[in-house]
Amino acid sequence: VAASMDAAETTTFRKNDKTYIVGLRDVTVNLSGLFASSGSTGAGASTDADGMAEYFDGALGGSTRQAITILPDSTAIGGRALLMVGDAMAWDVSAPVSDVVSAEVEFQGSEGYRGGRILRYQVASTSTGAQSAVDSGLTNGGSSGGGVGHLHVTAVSSTFGSATFKIQHSTSGSTWADLITFTAATARTFQRSTVAGTIKEQVRSTLSSYTGTAGADSITATIAFARQAGPNRN
C-alpha cells in the first residue's frame with residue numbers, strides 16, 4: 001500500500017525557506033503472488049487461479065469499483081486492516097522460461113483509505129452467531145464521524161441459500177445495536193457500506209440470518225470496520 005500527499009508551495013517574496021500547505025492524498029495497492037492453475041474455469045466456479053484470472057479480466061476497465069481490505073500484520077480479530085475502494089488498473093500473468101508463473105494486479109484507490117480492525121476472518125459459518133468484540137479503547141462515548149465496513153464472501157456451498165451479516169456496536173459489550181446491515185449474500189461477493197453518526201466503544205460482526213441445509217452448507221466470510229474519525233479520515 002503506497003499513500004502520498006501533494007504539497008502546494010506558498011513561499012512568498014523575501015522568504016529564505018520554502019513553505020507549503022498540504023494538498024490532495026492518493027493511494028495505490030500492488031499485489032503479487034504465484035499463479036498455479038488447477039484447471040477449473042469460471043470466475044464464480046472456485047477460488048483457484050483460473051477463477052481469479054477470469055475475474056480480473058472482467059474487472060479491468062469495468063464499471064464496478066473493488067472493495068479492498070488489506071491485513072498488514074495479522075488475521076486475528078482486532079488486527080489492523082486497511083480499507084479502501086478502487087479500480088483495477090493493471091493485471092499481468094508472467095510466465096518466464098526459467099522461473100515459476102506469477103501474477104500481479106494494481107489498484108488505484110478513490111476516496112483515500114481508512115485504518116481499521118478485523119472483525120471476522122475467513123470464518124466458515126453453518127448457523128447464526130456473533131464474533132468476539134473489538135474494543136477501541138475509547139472512554140468518551142465512542143467516536144464521531146461515522147465509519148465504513150467491508151464484507152468479503154469468499155466461499156459458499158453449492159446448495160447454500162442466503163446469509164445476512166451485520167456490524168454492531170456497544171458501549172459496555174452487554175447491549176448491542178445494529179450499525180451496518182449488509183445486503184443478504186447468496187453467492188461469493190463483496191460489499192462496502194458506510195454509516196454516519198457516533199460509533200460506540202466496541203464493535204463486532206454477527207451473522208443474523210442463515211438459510212441452508214443443516215450440517216451440509218456453509219458460508220465463508222471476512223469483515224473489517226474502520227472509524228472515520230481517525231488519522232486517515234478525509
Side-chain angles (χ1 to χ4, degrees), residues 1-5 24-31 64-88 105 107-123 125 129-154 163-173 176-183 185 188-208 219-234:
V1 179
S4 63
M5 179 179 289
L24 300 176
R25 292 180 295 182
D26 189 25
V27 61
T28 58
V29 173
N30 291 288
L31 306 175
T64 301
R65 283 181 169 159
Q66 313 296 302
I68 304 164
T69 306
I70 305 294
L71 312 182
D73 52 19
S74 173
T75 57
I77 291 179
R80 292 181 62 241
L82 303 179
L83 288 71
M84 59 177 282
V85 60
D87 296 289
V105 62
F107 294 99
Q108 173 62 60
S110 294
E111 303 177 26
Y113 74 95
R114 301 289 179 273
R117 298 292 173 180
I118 306 166
L119 303 185
R120 173 188 296 258
Y121 178 74
Q122 293 295 85
V123 176
S125 300
Q131 299 298 112
S132 300
V134 175
D135 195 327
S136 66
L138 299 171
T139 58
N140 58 352
S143 61
S144 60
V148 58
H150 282 187
L151 166 67
H152 301 270
V153 176
T154 53
T164 300
F165 291 93
K166 295 181 178 181
I167 295 176
Q168 298 180 319
H169 63 158
S170 172
T171 298
S172 61
W176 293 89
D178 292 345
L179 186 63
I180 292 175
T181 300
F182 294 102
T183 302
R188 290 169 54 196
T189 186
F190 63 84
Q191 296 181 41
R192 174 184 171 93
S193 181
T194 59
V195 62
T198 298
I199 311 299
K200 296 177 182 179
E201 290 88 342
Q202 299 185 35
V203 292
R204 71 177 185 180
S205 74
T206 66
L207 177 53
S208 63
I219 181 170
T220 302
T222 295
I223 295 176
F225 179 77
R227 299 170 185 266
Q228 299 280 52
N232 300 318
R233 175 174 57 88
N234 275 340

Looking only at non-hydrogen atoms, find the nearest pair between Ile167 and Ala224 and report the distance.
CD1-O, 4.1 Å

Interatomic distance, CE@Met5 vs CG@Leu24, rounded to 0.5 Å, equals 8.5 Å

As an exercise, state the distance from CD1 of Ile219 to CZ of Arg188, rounded to the nearest 0.5 Å.
12.0 Å

Rounded at 0.5 Å granularity, tell me how far CD1 in Ile118 sits from OG1 in Thr75.
6.5 Å

Quick check on side-chain contact (heavy atoms from CB on, under 4.5 Å): which of Thr206, Leu151, Thr181, Thr183 does Phe165 satisfy it with?
Leu151

Would you call Ile77 and Leu119 a side-chain contact if the rule is heavy atoms closer than 4.5 Å?
no

Counting only N and O atoms by type, is there a donor-acceptor contact under 3.5 Å from the side chain of Arg192 to the main-chain atoms of Gly149?
no

Smallest separation among heavy atoms of Pro72 and Ile70, with atom names
CD-O, 3.3 Å

Of all the heavy-atom pairs spanning Arg227 and Ile199, show the shortest one and how long it is.
NH1-O, 3.0 Å

Nearest non-hydrogen partners of Gln202 and Ala133, listed with the distance:
OE1-CB, 3.6 Å

What distance do Arg114 atom CZ and Thr69 atom OG1 have between them, rounded to the nearest 0.5 Å?
13.0 Å

Do Gln108 and Asp87 have side-chain atoms, one donor and one acceptor, less than 3.5 Å apart?
no

Please answer whether the main-chain N or O of Glu201 pairs with a side-chain N or O of Ser136 as donor and acceptor at a distance below 3.5 Å.
yes

Gap between atom OG of Ser205 and atom CZ of Phe225 - 0.5 Å precision:
12.0 Å

Min side-chain heavy-atom separation Ser143-Leu138 under 4.5 Å
yes

Regarding Gln131 and Arg204, do their side chains bring together a donor and an acceptor under 3.5 Å, going by distance alone?
no

Looking only at side-chain N and O atoms, does Gln122 offer a donor or acceptor that is under 3.5 Å from a partner on Thr154?
yes

Could you tell me whether the side chain of Ser208 and the main chain of Thr164 form a donor-acceptor pair under 3.5 Å?
yes

Between atom NE2 of His150 and atom CG of Leu82, what is the distance when rounded to the nearest 0.5 Å?
11.0 Å

No-hydrogen, no-angle side-chain donor-acceptor test under 3.5 Å, Ser125 and Arg120
yes

Could you tell me whether a side-chain N or O of His169 sits under 3.5 Å from a main-chain N or O of Lys200, the two making a donor and an acceptor?
yes

Side chain of Asp178, backbone of Ile180: donor and acceptor closer than 3.5 Å?
no

Distance-only polar pair, side chains of Thr222 and His152, donor-acceptor under 3.5 Å
no

Tyr113 versus Met84, closest heavy-atom pair with distance:
CB-CB, 3.9 Å

Any side-chain heavy-atom pair of Val27 and Val1 under 4.5 Å
yes

Quick one: do Gln66 and Phe190 satisfy side chain to side chain contact (heavy atoms under 4.5 Å, CB included)? Show the steps, please.
CA-CA 8 Å; Gln66 313 296 302; Phe190 63 84; 3.7 Å; yes

Minimal non-hydrogen separation, Ala163 against Leu207, with atom names
CB-CD1, 3.6 Å

